[in-house]
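Can you read through this structure? Questions will come right after.
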Amino acid sequence: MRTLRAVAELRAALAQTRRAGRTIALVPTMGFLHEGHLSLIAAARDQADEVVVSLFVNPAQFDEASDLDAYPRDEARDAGLAAQAGAHLLFAPPVQEMYPAGFTTQVRVQGPLTEELEGAHRGAAHFHGVTTVVTKLLNMVAPDVALFGQKDAQQTLVIQRLVTDLDLPVRIEVAPTIREEDGLARSSRNVRLGGDDRRRALALSRALRAAEQALAAGTSDAATLLAAARAAMDDFDVEPEYLALVDPEDLRPVATVDQETLLAVAARVGQVRLIDNTVLSPELHHRRGYADGDPPLAAGVNRTDPQEV
Ligand code: AMP
């Protein structure tokens, strides 16, 4: 695996790949790779001949300077993990390469997709930072396919909208959320969970599971499901920033879970802001149900994710 830092070098390398008739997959990351990222790289290998992993902590999508400063970084470790997972190229540009002097353009998806949930709490500017950097990466790499994680469910909707609206010639694939054994969704920020906060961080996945169990038990009323999820968070003394049952396409709140519904949660645990989600499907739950003693939300994958690649 080669590590490249300049856009011109990246383009030259990928021109050769394309001339050889080989297809390209892009996995954008902010680094400090974990099993979630590695599962995207593995899925990318199934989707294309060559895999480009980008590693860029994008200042434009951070709404808090302290979060940007504290974001964990270890490029040497990331390079080792990406190579092991089968990536062909690591693109790790410095900030000046992505945002040279004079940079003034922004790509925005407008409306509820960027204003609800994460947008309501972090500000829509977070997503404008994401769509700007993703547009740049897609233009630099010109991949056949780009892979994103269901862990950031709202981000996948925003990016699919961007690609559709701007006729970007790339296929977007969404891979399931990878979790720790106890249910905590993998995140680069988890290393910042000190002391008792690692245990308290279970509030999010347990909330999702509590709603899944209530649904499996026959409750489809959104307020009742949300109350069950909320009670699970109370047990860990964690206050949600939001806990919402919404349409998985347009993020509009739903009153009844009678079709696939996104249950999304965000909460601060100590210094760390965490997000998680699951797709509730009444059918799935009636078919599979939950037995007492089941592990909290499938370790490995999010069992209700309809979009496995
Ligand atoms: P990040 O480095 O956090 O920006 O994430 C890069 C990509 O990895 C995004 O598409 C994320 O949705 C995805 N990702 C992050 N965490 C997970 C996870 N636990 N499972 C699957 N994908 C993930």
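Note: hydrogens, waters and symmetry copies are ignored here, and every other heavy atom, side chains too, is used. All ligand and atom numbering here is 1-based and tracks the order in the structure.
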Taking the minimum heavy-atom distance to atom 21 (C) of ligand 1, which of P176, A146, S54 ranks first?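 Heavy atom nearest to atom 21 (C) of ligand 1 belongs to P176.
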
Mark yes or no for whether H37, through its side chain, and H34, through its backbone, hold a donor-acceptor pair below 3.5 Å.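 Indeed, once roles are kept as given, a pair shorter than 3.5 Å links the two residues.
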
Is a donor on one side and an acceptor on the other found under 3.5 Å between the side chain of E9 and the backbone of R5?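 Flag set: sc E9 to bb R5 pair under 3.5 Å.
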
Kindly confirm or rule out an N or O of L40 lying under 3.5 angstrom from an N or O of ligand 1.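 In this structure, L40 places no N or O atom under 3.5 Å from an N or O of ligand 1.
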
Is it true that R45 and E50 make a salt bridge, defined as a side-chain N closer than 4.0 Å to a carboxylate O?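 E50 and R45: not salt-bridged.
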
Judging by distance only, is a nitrogen or oxygen of H37 under 3.5 angstrom from one on ligand 1?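 Between H37 and ligand 1 (N or O atoms, distance only) the closest approach is under 3.5 Å.
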
So is there a nitrogen or oxygen of D152 less than 3.5 Å from a nitrogen or oxygen in ligand 1?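 Yes.
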
Would you say T29's side chain and G31's backbone share a donor-acceptor pair under 3.5 angstrom?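 Here the side-chain-to-backbone pair exists.
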
When you measure from the side chain of T17 to the backbone of A13, do you find a donor-acceptor pair of N or O atoms at a distance under 3.5 Å?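 Side chain of T17 to backbone of A13, a donor-acceptor pair under 3.5 Å: yes, one is there.
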
I want to know if ligand 1 touches S187 in the polar sense, i.e. an N/O pair below 3.5 angstrom.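 There is no such contact.
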
Would you say that more than 12 heavy atoms from the other residues, nucleotides or ligands in this model lie under 6.0 Å from the CZ of R2, or not?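 For R2, atom CZ is not crowded (no more than 12 foreign heavy atoms under 6.0 Å).
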
Heavy-atom contacts under 4.0 Å between Q150 and ligand 1: side chain, backbone, both, or neither?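 Q150 to ligand 1: no contact under 4.0 Å from either part.
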
With respect to I178, determine whether any N or O atom, backbone or side chain, lies less than 3.5 Å from an N or O atom of ligand 1.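 Indeed, backbone or side chain, I178 has an N or O that close.
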
Using a heavy-atom cut-off of under 4.0 Å, does the side chain or the backbone of H34 touch ligand 1, or both, or neither?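 For H34, the contact with ligand 1 is made by the side chain alone.
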
Under 4.0 Å between a Lys/Arg side-chain N and an Asp/Glu carboxylate O for D67 and R192?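 Judged by the 4.0 Å cut-off on N to carboxylate O distance, D67 and R192 do form a salt bridge.
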
For atom 3 (O) of ligand 1, what is the closest protein heavy atom, and at what distance to 0.1 Å?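 For atom 3 (O) of ligand 1, the nearest protein heavy atom is Y71 OH, 3.8 Å.
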
Which bit of M30 is near ligand 1, meaning a heavy atom under 4.0 Å away: side chain, backbone, both or neither?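 The part of M30 near ligand 1 is both the backbone and the side chain.
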
